[in-house]
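Everything below concerns the one structure shown next.
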Amino acid sequence: MKNTDSVISFINKTPKSELHLHIEGSLEPELMFKLSKRNKIEIPFKSVDEIRSAYNFTNLDSFLKIYYEGSNVLITEEDFFDLTWEYILRCKNDNIVHTEIFFDPQSHTSRGINFSDIVNGIYKALTKANNEFRITSKIIMCFLRHLDEESCFAILKEAVNHKDKIIGVGLDSSEKGNPPKKFKRLFEEAIKEGFLTVAHAGEEGPPEYIWDSLNLLKVKRIDHGVQCLKDDKLVNNLKENNIPLTVCPLSNIKLRVFDKLENHNLKKMLDAGLRVMVNSDDPAYFGGYLNTNLIETSKALNLSLDEVKILIQNSFKSSFLDEKSKNFWLNKI
Ligand code: ADE
Ligand code: ZN
C-alpha cells in the first residue's frame, strides 16, 4: 500500500471531531431548492446546477453575499431541523463522532424568524443524532461582526434564554474593518452569562485581530488564525498557551486566502508546534466535508500518517467535551 493510501484509509476509518462548521454553510443546493419551493421563497437560480455554478468567490465578502442569500430559504423550525439532520448524515458518513456547530441567528431574526425556532430545530436534530448514532455535539452562536454592538446585545439576550442548548458564542462574517475591539463589552457580558468564547480572526485580517481576540474577547479558540505566522511573538504566545486554531483548508482556497492547497501554511503551523486541526467551515460552498478536507490537504502538503494523527488528536483535545470523553476518543486514535 502506498503511503498516501494508508493515510486516506486512516482518515476514513478514524473517529473524528469537527470544531468549525457553520450550519448554514452546510445548506446543499438540493435542499436550498427544495426549501425555496416549500416556503415559496424566490431565489435567483433556476436549477441546482445554476446554484453550484454561482459558487465562484474572490474573497470572504463575495462568498458572504451568496451565503446570506442562500440562508433566506430557512424559515421554520422544521427547516433548521432538516438542515442540521443532513449535516449529521454527512458526519455519520465521515465518521465524525463529535461536532461543534456555529449558527448565525442575526441573519434569520432580521427576516422575522423566531430565535427559538432556529435553536430548537438545530437542537432537535442534534438530540436525534445522539440517540440514533451516538454523535455528540455543542452549539455555538455567532455574532455577525458587520452589525453594530446594539444588535449583538439584543441577540445575546435571546441566547440567555437558551443556555441549556448553547455552550458558547463566536464572532464571524466580514473580518476586515470589523476588529475584535468593537465587541469587547459584548464578550464581557457573554462571559458573565457563562458562555465560552471563540472568534474568527486572522482569516483575512491581520495578526493584531488574533491578539485582540485573545486579550479583549478572552477566546478559548481562534477560528482560522492562518495569518498568525506573520508575527513570531504571536506564534510563541499561541504555542505557550496551547491556543487551538481551527483551520479550514478548502475554505481558504475557495476564498483565495492561499492560491492553491500546495501553498497552504497548515504544515508550517504544525511544524511551528501550534495546536491546529482541519475543519470544513461551509462545506456545501467550498467543495467538501471533513474527510475531503483532510484527504486533499494531506495529499497537497504530503502529510505523514503521524501528522494526520496529530491533527485529529488536536481536534478532540481542543473540543468543549469533558476530559473523560476527550480521553476516551484520544485512546481510539
Ligand atoms: N461565515 C460563514 N463562513 C465564514 C467564514 N469563513 N468567515 C467568516 N464568516 C463566515
Ligand atoms: Zn467560519
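Whatever order the structure lists them in is the order used to number ligands and atoms, beginning at 1.
Contact annotation: H22 places an N, O or S atom under 2.8 Å from the Zn ion (ligand 2). At a cut-off of 2.8 Å, C248 is not counted among the residues with an N, O or S atom near the Zn ion (ligand 2).
Taking the six-membered ring wherever Trp is involved, the centroid distance between the rings of F63 and Y67 falls below 6.0 Å.
For H20, the N, O or S atom with the smallest separation from the Zn ion (ligand 2) is NE2. Nearest to the Zn ion (ligand 2), among the N, O or S atoms that D281 has, is OD1.
Under the 3.5 Å distance criterion, with hydrogens and angles disregarded, no donor-acceptor pair is assigned to the side chains of E175 and H224. Checking S151 against Q106 by side-chain atom types alone, a donor-acceptor pair falls below 3.5 Å.
Relative to the ring axis of F320, R221 places its NZ or CZ within 45° and under 6.0 Å from the centre.
Using a 4.0 Å cut-off between charged side-chain N and carboxylate O, E30 and K34 make no salt bridge.
Among protein residues, H22, L60, F63, L64, Y67, D172, S173, H200, E203, H224, D281, D282 come within 4.0 Å of ligand 1, judged on heavy atoms.
Residues V97 and F316 form a side-chain contact, since some pair of their non-hydrogen atoms from C-beta on lies under 4.5 Å apart. Counting heavy atoms from C-beta on, the side chains of F45 and S36 never come closer than 4.5 Å.
Below 30°, between 30° and 60°, or above 60°: for H200 and H20 the angle between ring planes is above 60°, a perpendicular geometry.
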